[in-house]
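Below: one structure, written as structure tokens.
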Amino acid sequence: MHEYTSRVQVWGLSCPGSPEEVSRARRWTRDILRDSPLAEDAELIVSELSSNAILHTASGRDSGSFRLSLSVTPQVIALSVTDDGGAGTTPKVEDQDEEAEHGRGLGMVNAIAHRVVVHSSQGAHTVTAELFTSNRPGAHPC
């Protein structure tokens with residue numbers, strides 16, 4: 001492969017901030033990754049991140065929305081969800097009591113993904129979860 005050639009594939013989807021759109025986001029992810037052994041993990045991650053955007057930010061308000069980005073390389077599947085902001089706090093992984101009804105979702109994403117990164121810009125947040133494929137140099141097969 002030429003050094004300036006990339007094998008990155010990128011998809012994007014914008015969704016209104018209603019709960020029904022979480023299932024659309026899952027289906028979209030599953031359709032794109034249907035041949036990947038990481039499709040189920042990716043679908044679960046997108047479901048949790050999309051739900052968080054709707055429940056905890058302005059994305060869930062009237063005329064709110066959230067955006068998904070899915071990038072695939074031979075080494076990494078990167079799933080990003082960007083919210084509309086308005087949460088007042090930055091998403092973070094927290095240790096929660098087993099009895100807790102809320103607050104464990106990002107921890108679950110962190111347990112499934114190989115890396116989770118939160119980026120804030122102008123009040124909005126983008127949470128990116130990366131799943132490493134077995135093709136990653138030095139990585140253990142997934």
Side-chain angles (χ1 to χ4, degrees), residues 1-96 98 100-142:
M1 179 187 293
H2 188 273
E3 71 177 294
Y4 296 113
T5 306
S6 173
R7 294 195 320 173
V8 177
Q9 295 178 298
V10 180
W11 294 265
L13 178 68
S14 184
C15 297
S18 63
E20 305 82 46
E21 294 298 314
V22 174
S23 63
R24 178 176 169 222
R26 282 194 312 259
R27 193 170 47 254
W28 177 80
T29 302
R30 184 176 54 243
D31 288 348
I32 292 170
L33 297 174
R34 74 177 141 267
D35 296 328
S36 171
L38 299 172
E40 287 183 21
D41 288 345
E43 184 180 351
L44 182 60
I45 288 168
V46 163
S47 179
E48 186 57 43
L49 297 180
S50 299
S51 294
N52 284 351
I54 291 170
L55 291 172
H56 303 296
T57 75
S59 293
R61 296 182 190 149
D62 288 344
S63 74
S65 65
F66 62 96
R67 286 143 315 279
L68 286 89
S69 174
L70 174 58
S71 302
V72 179
T73 73
Q75 296 81 26
V76 179
I77 295 172
L79 308 136
S80 298
V81 174
T82 302
D83 63 42
D84 282 346
T89 62
T90 301
K92 60 182 175 285
V93 177
E94 296 179 333
D95 292 326
Q96 293 291 334
E98 289 181 26
E101 292 183 28
H102 301 288
R104 296 188 311 217
L106 201 50
M108 179 180 61
V109 169
N110 192 52
I112 295 169
H114 293 94
R115 183 166 72 162
V116 176
V117 177
V118 178
H119 176 62
S120 299
S121 177
Q122 300 175 349
H125 304 98
T126 299
V127 180
T128 301
E130 296 178 351
L131 297 167
F132 300 155
T133 68
S134 59
N135 295 334
R136 183 165 188 220
H140 297 288
C142 296

Which pairs would a plain distance check flag for residues 16-24, meaning a side-chain donor or acceptor within less than 3.5 Å of a matching protein atom at least two apart in sequence or in another chain?
unit_1	atom_1	unit_2	atom_2	d
Ser18	OG	Glu20	OE1	3.0
Glu21	OE1	Arg24	NH1	2.8
Ser23	OG	Glu20	O	2.8

- [ ] Nearest 0.5 Å please: distance from the CD atom of Glu43 over to the CG atom of Leu79.
- [x] 11.0 Å

Open item on the list: I'd like to know if the side chain of Ser63 pairs up with that of Arg61 as donor and acceptor (distance under 3.5 Å, no hydrogens or angles considered).
Closed with: no

Open item on the list: Measuring from atom CZ of Phe66 to atom CG of Asn52, what distance do you get when rounded to the nearest 0.5 angstrom?
Closed with: 11.0 Å

TODO: Side-chain contact test, heavy atoms from C-beta onward, threshold under 4.5 Å: evaluate it for Leu106 versus Val127 and give yes or no.
DONE: yes

TODO: State whether a side-chain donor-acceptor pair under 3.5 Å links Thr128 with Ser80.
DONE: yes

TODO: To the nearest 0.5 Å, tell me how far Ile112 CD1 sits from Glu40 CD.
DONE: 10.5 Å

- [ ] Drop me the distance from Leu49's CG to His125's NE2, to the nearest 0.5 angstrom.
- [x] 13.0 Å

Task: Minimum heavy-atom distance between Thr57 and Gly85, given as atom pair plus value - done: CB-O, 3.3 Å

- [ ] Locate the shortest heavy-atom distance separating Ser65 from Ser59; write the atom from each residue and the value.
- [x] O-OG, 2.6 Å

Task: Ile45 side, atom CD1; Thr29 side, atom OG1 - distance, nearest 0.5 Å - done: 10.0 Å

- [ ] For residues Trp11 and Ile32, report the shortest heavy-atom separation together with the two atoms involved.
- [x] CG-CD1, 3.6 Å

Open item on the list: Here's a test for you: under side-chain hydrogen bond (donor to acceptor under 3.5 Å, both in side chains), which of Thr82, Asp83, Asp84 qualifies with Arg67?
Closed with: Asp84

Open item on the list: In the structure I gave you, are the side-chain heavy atoms of Leu38 and Asp41 within less than 4.5 Å of one another anywhere?
Closed with: yes

Open item on the list: If I take atom CZ from residue Arg7 and atom OG1 from residue Thr73, how far apart are they, to the nearest 0.5 angstrom?
Closed with: 8.5 Å

Task: Given Val76, Ile77, Val10, the one that forms side chain to side chain contact (heavy atoms under 4.5 Å, CB included) with Ser71 - done: Val10

Task: Salt-bridge contact Asp31-Arg26 (side-chain N to carboxylate O under 4.0 Å) - done: no

Open item on the list: To check you understand the geometry: which heavy-atom pair defines the closest contact between Ala39 and Leu33, and what is its length?
Closed with: CB-O, 3.2 Å

Open item on the list: Within the structure provided, determine whether Thr126 and Val118 are in side-chain contact (heavy-atom separation under 4.5 Å).
Closed with: no

